[in-house]
Asker: 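My structure is below; once you've seen it, I'll send some questions.
Below, chains carry the letters A, B, ... as their sequence lines are ordered, and counting in each starts from 1. All values derive from a computational prediction rather than experimental measurement.
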Number of protein chains: 2
Amino acid sequence: MHAIDCIVSAPGKAILHGEHAVVHGKVALAVSLNLRTFLRLQATSTSKVCINLPNINTFLSWDVSALQHLLQDKTIDHGNLKELDADLVRRLREFTGIEDGSTDTRSMAVSAFLYIYFSVFSKSKALPSLTVTVWSELPTGAGLGSSAAYCVCVAAALLSTQGAVSCPLGPDGDTARWSGEELEMINQWAFQGERIIHGNPSGVDNAVSTWGSILRYHAGKITPLQRVPTLRILLTNTQVPRSTKTLVAGVKDKINKFPSVLNPVLESVDAVSCMCEQTLMEMAKGSPTAEHYATLEELMDINQHHLNVMGVGHPSLDTLCTVTLRRGLHSKLTGAGGGGCGITLLRPDTDNAVVQSTIQDLKDTGYECWETNIGVPGIQLHSPHSIKEEVMNVFNSY
Amino acid sequence: MHAIDCIVSAPGKAILHGEHAVVHGKVALAVSLNLRTFLRLQATSTSKVCINLPNINTFLSWDVSALQHLLQDKTIDHGNLKELDADLVRRLREFTGIEDGSTDTRSMAVSAFLYIYFSVFSKSKALPSLTVTVWSELPTGAGLGSSAAYCVCVAAALLSTQGAVSCPLGPDGDTARWSGEELEMINQWAFQGERIIHGNPSGVDNAVSTWGSILRYHAGKITPLQRVPTLRILLTNTQVPRSTKTLVAGVKDKINKFPSVLNPVLESVDAVSCMCEQTLMEMAKGSPTAEHYATLEELMDINQHHLNVMGVGHPSLDTLCTVTLRRGLHSKLTGAGGGGCGITLLRPDTDNAVVQSTIQDLKDTGYECWETNIGVPGIQLHSPHSIKEEVMNVFNSY
């Protein structure tokens, strides 16, 4: 078959409110983050499948014939996206030599790609020869959904190439999105990739990366919110390493130790998420006012205190809050806490000088800091000339 | 009549947990603070009543005959301690020339003293000639119950002198306390003084100063807790001025703005107070363990975050928490917040070097800091030789 070239990009995710509380049945708001992962797929006639992942210094290629051999005598149930094809996973492991239980980023990225590649093209007459290059603005392992953005890009590009979803970009278009049904299919395939990488993911990360905007996540149910405003933020990585598992267990222990103290705090976090959702809806309906932003700031401050009560704060995050508040800006941790990342809300009229000074302050503290947006579109198809130069330069190096 | 000399002392108060939440029907724990107010009453034959309040640079004296004149044709209902004698208040105002609505510390202290003096001695044949000198370790206007400690001392000394309560100090005794019934009378008279000073006080401050130890305050009901441990603390005055009224109003506004967010926080504070009470009870029953102290510290941290959520935190209090945590010590604001005072828990085995370094750090930050205790005895009668030298030196200067 003949593959069609394409370039796609998908956003990362941040938790606006409800991290940790969501584990205990409360509402969380997950937002798309405009630090994006870009993927270029090129059809080739090399009879090879090449994957270039310069962020993690991984460049691999396989002969299509070897890949074809792997599928011998194998039936793939294309309709079943509810669980992984265990037989395919086993064959992949044998083929790549990646050990069972291996969790390094490189092995996971390669396994997820090959799994989706095989599954999507197994019903085609022949496996296509192609080169995939991925470049991401997202740091890995920082709780910003980098693996989901990667899986969503891989799924969208391979499904488009295979023809399972359309290629909605017209000859003069810069960017395009898929229909709701097609996005649902991309999301489900991306989720298979996430399963390869994370074992038992919640599905929130790939949903945010696919649908963009903001998602409400409650008791396992994911609901995309329509028509929410895009917000300016700073995304700061304190670069303090943490274990999500340990932090989640710590919150549970604290709830068990002081149930009467902690349970109302979880309730309050739930209310913070709902108030924030309501405020964003109002902002989208009319024109956002300074009062709306003051409310968003107040809710961030409150939730940051609550997260400290849950024991997932960290001195590095206190510093983030103090440093930004000195410039009149409000911050909270996002995700697991205990270090990791924080978000700082910028108002539409926040002076650029203030933004730049704050970024400098945070960098001086030893943090990584990006000025970006939340509530942005999910997976998109791009024409080559609509891609920023730095990303095209990366693509053109491979 | 012949007055009897005596020296009494009464403690200040701090709020351990539940400040602000108590206004909204939740439990608060008020603790006695071993920064004490000392009062010496001396019988004289000068036919004068003298009051020396060196802390506020106030030294006044009146002829007994002039005071007697003020009571002419006046009936005082000694049994009625439920409200102030409005006629007596009016006569006092005319006599002292203190204007209605005047709230300066000096006027208030003098009015409260004279009110209790007249009320207690009006049933005696003649008003006694005496000199009262008061020296307090408590800063005034810092929310530490300095006015209540003063009123409790005045009430106890005047009631003892009048014979309405006993003089329980034996010839060889150092300190003594009154019976529960007598303490109740002292407390009620002190409350009259507090009414003169504050208009509509809760009665918590004078109760703590009278009974000592720790009081549970809930929905207007004050319950002294029996057998609680004395705890070592640092009491820090950030010296940042604040308005309790404004802070209380701010919390109310916040509850009205975000009821679903704030009401659970008040519930959680209530649970913190109850958990703290329970922990103190356990500590008093058996021997206090490191785990007990860890729980007390954790509850302080949690409540400090909750108070921040209520909007009554202040950068000066954040600094207090950060500076003390650097030495492994846990702090929270006490009272109204927005500056004012904070308490830092010390463990029995906290090294003196750590305590001294922390005090120095806090002083370097520009704060006043005292190493003292909470959960100490209330109003006490002292023999002169049991009084520390610095206080006796003050007494002997007048």
Asker: Please determine, among E298(A), H306(A), Q304(A), the option with the most heavy-atom pairs under 4.5 Å with chain B.
Answerer: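 Looking at each option in turn, the highest pair count goes to E298(A).
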Asker: Tell me, side chain or backbone of L299(A) under 4.5 Å from chain B's heavy atoms, or both, or neither?
Answerer: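 For L299(A), the side chain is the part near chain B, not the backbone.
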Asker: Kindly assign one of parallel, tilted or perpendicular to the pair H305(B) and H305(A), based on the angle between their ring planes and the thresholds 30° and 60°.
Answerer: tilted
Asker: Taking every non-hydrogen pair under 4.5 Å, which of G313(A), P259(A), A271(A), P264(A) racks up the most with chain B?
Answerer: P264(A)
Asker: If you look at every heavy atom in S268(A) and V261(B), which pair is closest and at what distance?
Answerer: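 Smallest heavy-atom distance, with atoms named: OG-O, 2.6 Å.
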Asker: What part of N308(B) is in contact with chain A, defined as an atom under 4.5 angstrom from a non-hydrogen atom: side chain, backbone, both or neither?
Answerer: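 When you check distances to chain A, atoms from both the backbone and side chain of N308(B) fall under 4.5 Å.
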Asker: Would you give the length of the straight line joining atom CG of D318(B) to atom CG of D318(A), rounded to the nearest 0.5 angstrom?
Answerer: 8.5 Å
Asker: Test side-chain contact (heavy atoms from CB on, under 4.5 Å) on K257(B) and T295(A); report intermediate values, then the result.
Answerer: CA-CA 10 Å; K257(B) 188 174 175 191; T295(A) 297; 3.9 Å; yes
